[in-house]
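The structure appears right after this line, and notes come after that.
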Amino acid sequence: MTTFNAKRYKKSTLALVAAAAVTMASTSFAAGSAQAPVKTMDPYSEQALDRMATELKLDENTKKKAGKLFAEAREDRQEVIEDLQKLRKPMMQLNPVDKDYVDQVADLSEKRGDLMQTLEVKRAKTTHEFYALLTPQQVQWMQDRRK
């Protein structure tokens, strides 16, 4: 018999919502046939760095450090993204008729939630390290932009 665990339920629910958002943002379906995934700019891409370098008027030294930081961030999060993608198929293959269907969903959702949390922490770490490279004026510009 399955027991109700509020913490696990909350984490699973958040994971499902996050996973659904990621899925909807990265995949588009039209008239029953799959289209190419929607391309979104990688926040750590060379294009993103060039745009920020221009907007923030980064000097070459800072741009070089930021480029290295972004390259490490892309590599660091790639494994987590691949693990998230590997969970999509098992989740879609679950059968609601199975006795332990809810437990299976909860387990996969918990794994997704953990991976999403890992991604968020990695993103926060990179953002923190990027801000440390900026001047106080550049930090203020970034903060004003976020409002």
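Just the heavy atoms: all of them, side chains too, but no hydrogens, waters or symmetry mates, feed the values below. A quick note: this is a predicted structure, and the numbers were derived from the prediction, not measured.
For K125, the salt bridge (charged side-chain N to carboxylate O under 4.0 Å, His left out) criterion is met by E129, not counting sequence neighbours. Applying the side-chain contact (heavy atoms from CB on, under 4.5 Å) rule to E120 yields the partners R123; only residues at least two apart in sequence or on another chain are considered. For D144, the side-chain contact (heavy atoms from CB on, under 4.5 Å) partners at least two apart in sequence or on another chain are Q140, K147. Shown here are the side-chain hydrogen bond (donor to acceptor under 3.5 Å, both in side chains) partners of Q78, two or more places apart in sequence or in another chain: E82. Applying the side-chain hydrogen bond (donor to acceptor under 3.5 Å, both in side chains) test to T62 and every residue at least two apart in sequence or in another chain returns D59. Residues satisfying the salt bridge (charged side-chain N to carboxylate O under 4.0 Å, His left out) criterion with E79, sequence neighbours excluded, are absent altogether. Scored by the side-chain contact (heavy atoms from CB on, under 4.5 Å) test, Q138 finds L56, L58, L134, T135 as partners (sequence neighbours excluded). For the side-chain hydrogen bond (donor to acceptor under 3.5 Å, both in side chains) test, no residue two or more places apart in sequence or in another chain qualifies with Q85. In this structure, the side-chain hydrogen bond (donor to acceptor under 3.5 Å, both in side chains) partners of D100, at least two apart in sequence or on a different chain, are Q104. By the side-chain contact (heavy atoms from CB on, under 4.5 Å) test, R146 pairs with Y131, sequence neighbours left out.
For the atom pair R88 CZ and R112 CZ, the distance stands at 7.5 Å (nearest 0.5 Å). Of the inter-residue distances, the one linking D103 atom CG with S109 atom OG reads 11.5 Å to the nearest 0.5 angstrom. Rounding to the nearest 0.5 Å gives a distance of 11.0 Å between CG of L115 and CD of E110.
Listed by first then second residue, pairs satisfying ring-ring contact (aromatic ring centres under 6.0 Å, His included) with a partner in residues 81-129 number zero, not counting sequence neighbours.
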Tell me which donor-acceptor pairs under 3.5 Å the side chains of residues 63-76 have, and how far apart each pair is, sequence neighbours excluded?
from: K63; atom 1: NZ; to: D50; atom 2: OD1; distance (Å): 3.0
from: R74; atom 1: NH1; to: Y44; atom 2: O; distance (Å): 2.2
from: D76; atom 1: OD1; to: K122; atom 2: NZ; distance (Å): 3.1
from: D76; atom 1: OD2; to: K122; atom 2: NZ; distance (Å): 3.1

> Would R145 and M142 satisfy side chain to side chain contact (heavy atoms under 4.5 Å, CB included), going step by step from the backbone distance to the final call?
Replying inline: CA-CA 5 Å; R145 185 174 156 226; M142 290 290 288; 3.8 Å; yes

>> Could you go through T54 and R51, starting from their C-alpha distance and side-chain angles, then the distance that decides it, and tell me whether this counts as side chain to side chain contact (heavy atoms under 4.5 Å, CB included)?
In response: CA-CA 5 Å; T54 300; R51 181 179 47 82; 5.9 Å; no

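When hydrophobic clusters are built by joining Ile, Leu, Val, Met, Phe, Trp and Tyr residues whose side-chain heavy atoms come closer than 4.5 Å, directly or via intermediates, L119 is not grouped with V121.
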